[in-house]
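Below, chains carry the letters A, B, ... as their sequence lines are ordered, and counting in each starts from 1.
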There are 2 protein chains.
Amino acid sequence: MSSSSAAHDVSFLRLTSLPMLLEREIESMILDGRLSIGGRINENQLAATFGVSRGPVREALRSLEALGLVELLPNRGVFIRSLDIAQVVEMYGVRAALFGYAAQLLAGRMEAGVVAPLRAMLDEMAEAARAHDFDRYYPLNFAFHDFIVEQAGNGVLTAQYRGLVKQLRLYRAGNLMTGNTLELSNEEHARIVAAIEQGDPLAAYQTSFDHVERGKERLLARSVSLAHAEERRA
Amino acid sequence: MSSSSAAHDVSFLRLTSLPMLLEREIESMILDGRLSIGGRINENQLAATFGVSRGPVREALRSLEALGLVELLPNRGVFIRSLDIAQVVEMYGVRAALFGYAAQLLAGRMEAGVVAPLRAMLDEMAEAARAHDFDRYYPLNFAFHDFIVEQAGNGVLTAQYRGLVKQLRLYRAGNLMTGNTLELSNEEHARIVAAIEQGDPLAAYQTSFDHVERGKERLLARSVSLAHAEERRA
DNA sequence: CGACATTAAATTGTTGACACTTTACACTCG
DNA sequence: CGAGTGTAAAGTGTCAACAATTTAATGTCG
C-alpha cells in the first residue's frame, strides 16, 4: 500500500474562498440571464455589488473564462460569451460522443437499481409528452441524461459533460421542442434504455449518440427557420 | 446578413496579457517538470522569479486550476496536481471516447489529402517499431493521434482532447512502451486508418476507441508491476 | 522524553492607490 | 454638415501594503 494514499482526508475545513464564492455567484448570474449574453462585465460595478475589491472578482472571472462562460479581451474587458450556431453544433457533437460513451459504460457494468429509475423517468416523460407539456418534460429529460452520465461511474466524464451542458446554456434559442417532437424524443430514450438493459455497449453508444445528434438537427432546423423569419422581418 | 458578423476582425492587437503569459510559462514549467508534481507553489517566490507582483500570478493560477493542472486549497496554497491511477484510468476512458469520435467524424467526411499523410506516418512508425526505437516512435504516435483529431474539423473536440492529453502528462509513469508493444500499437493504427479510408464511421469509432483502451490496459499492467516492485523493495 | 500549549515566522487573502489603455465626447476644420 | 482630431472620463492592469491564516519553532509541563 502506498504511503501517499491517505485513508482519511481532512481538507473539508474551509474548503471555500471568496473567489470561488464569487465564481459561483457570477456563474448563476450569467446562466439565469441576470447578465445579458454578449454584454460586458464592469469589474468596478460587480465588485461594488458584492462589497469586495476587484482582486477576487478578477480571479473569479479568470476561472469562468477557462470554463468557457466569459471571454477576456485584454484592456477591453470581460464579456459574457456568446455562441454562434457553428459552435453550438460542434458542442452538440462532443456532447453526443460523451453521452454515448456514458451509455456505453453503463451498458457494460450493469448493476441492480439502475434500470428501474430509468424506466420510471421514461414513463413520466411519456405522460408529459402525450400532454404536450414541455415544462414538465424538460426537467425530466435533463434528469434522464444526467442520471445516465452520473451512473456511468466516471467522474472525469461527468465533469466534462456537465461543463459542456453548462456552456450550451449560453445559447438561448434551442431549448424548445414543439408538438410531437417530445414523443419522438422519448422513443429514442426507450431505445437507449433497452440497449443498456440488454448490456449491449455498442448499441447503447449508437442509440445515445444518435439521440443527441437528432436533438442537434431539431435545433438546427428550428434555428434555420428562425433565421428565415429574421430575414423576412428585415 | 447580420451586422454583427464583421468581415475582418482586428482583435489581434494586444491579444495577450501578463496573466496569460504567466499562465503559459507556469504551465510549461509544470509540464517540463521544473515544478515537481504534488509540490507546492510559492506565490511570492514565483512572482519574484518573473519580476512581477502576486496579482497577475494569482490570476494565472486560477486559470491553471480550471485547466486541471493545479489544485487550490484555500489558505493553504497552490499545489501541482498529482493524479492517482484511478483518475488516469477515467481520463483514458474519456480520451478514448473523444478520439473515437474524432475518427468517426473523419470517416464520415473524407476529403482528399487526409489518408496520404496518415499512411506516411503509419510507415514511419512501422519502421521505428521494427527498430524498437521508442524515442522515434513516440512523437510520431502523438502526431498521428493529434492529426486525426485536428482533421476531424471540430474545434471544441480538439480543445477538449488536447486539454485532456495535457492533464495526462501529469502522470509520469506510463509514457513507456517496451518490446513489441510498439508493433502491436501500430497494427491498431493501421486498422483505424483502414476504417477511415473505407468511410465506415462506426468501425472508425470502435477501432480508435479500442486502441486507446488497449493503451490504458498496457499502462495499467505496467503500473501494477511497478507497484509490485515497490512492494518488494519495501 | 513526549505531548501540548505558546509564540514567531512565513504565506496566503484582500484592499486601495496609481499607471496605462480604451472609449466617449466635444471641438475644429474642410 | 460630416470627417477627423484632441481631450476628458471611464475602465482595466499592476503594484505594494496591510490583515488574516497557517505553519514552524520554541518552550513548558506531565
Round to the nearest Å and state the distance from [X] atom [atom1] to [N] atom [atom2].
X: B:L72; N: C:dT12; atom1: CG; atom2: P; value: 10 Å
X: B:E43; N: D:dT14; atom1: CD; atom2: P; value: 16 Å
X: A:L73; N: D:dG13; atom1: CG; atom2: C1'; value: 15 Å
X: A:L18; N: D:dA20; atom1: CG; atom2: P; value: 14 Å
X: B:R76; N: C:dT12; atom1: CZ; atom2: C1'; value: 12 Å
X: A:N44; N: C:dT15; atom1: CG; atom2: C1'; value: 13 Å

> For A:L64 and A:E23, what are the C-alpha separation, side-chain angles and deciding distance, and is it a side-chain contact (heavy atoms from CB on, under 4.5 Å)?
Replying inline: CA-CA 7 Å; A:L64 290 175; A:E23 182 188 334; 3.7 Å; yes

Between protein and nucleotides 7-9 of chain C, what N or O pairs are separated by less than 3.5 Å?
none

>> Within the 4.5 Å heavy-atom criterion, are B:L21 and B:F50 side-chain neighbours or not?
In response: no

> Would you call A:E65 and B:R62 a side-chain contact if the rule is heavy atoms closer than 4.5 Å?
Replying inline: no

>> Counting only heavy atoms and a strict 4.0 angstrom limit, can you tell me which residues of residues 45-59 of chain A come near DNA chain D?
In response: A:R54, A:R58

> Any sub-3.5 Å donor-acceptor pair from A:Q167's side-chain atoms to A:L164's backbone N or O?
Replying inline: no

>> Any base atoms under 4.0 Å from B:L61, or only sugar-phosphate, or nothing? Heavy atoms, all strands.
In response: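 Result for B:L61 = nothing.
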
>> Side-chain N or O of B:N42 versus OP1/OP2 of C:dT11: is the shortest distance under 4.0 Å?
In response: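 For C:dT11, OP1 or OP2 has a side-chain N or O of B:N42 closer than 4.0 Å.
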
> Can you find a side chain N or O atom of A:N75 that sits less than 4.0 Å from OP1 or OP2 on C:dT23?
Replying inline: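 Looking at the OP1 and OP2 atoms of C:dT23, neither is under 4.0 Å from any side-chain N or O of A:N75.
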
> What pairs meet the side-chain hydrogen bond (donor to acceptor under 3.5 Å, both in side chains) rule with one or both residues in residues 27-39 of chain B, with sequence neighbours excluded?
Replying inline: B:E25-B:R34, B:E27-B:K166, B:D32-B:R34

> For the ring pair A:Y205 and B:Y205, is the centre-to-centre distance below 6.0 Å?
Replying inline: yes

> What pair of heavy atoms forms the shortest contact from A:L170 to A:G68, and how long is it?
Replying inline: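 Answer, listing the atom of A:L170 first, then A:G68: CD1-O, 3.7 Å.
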
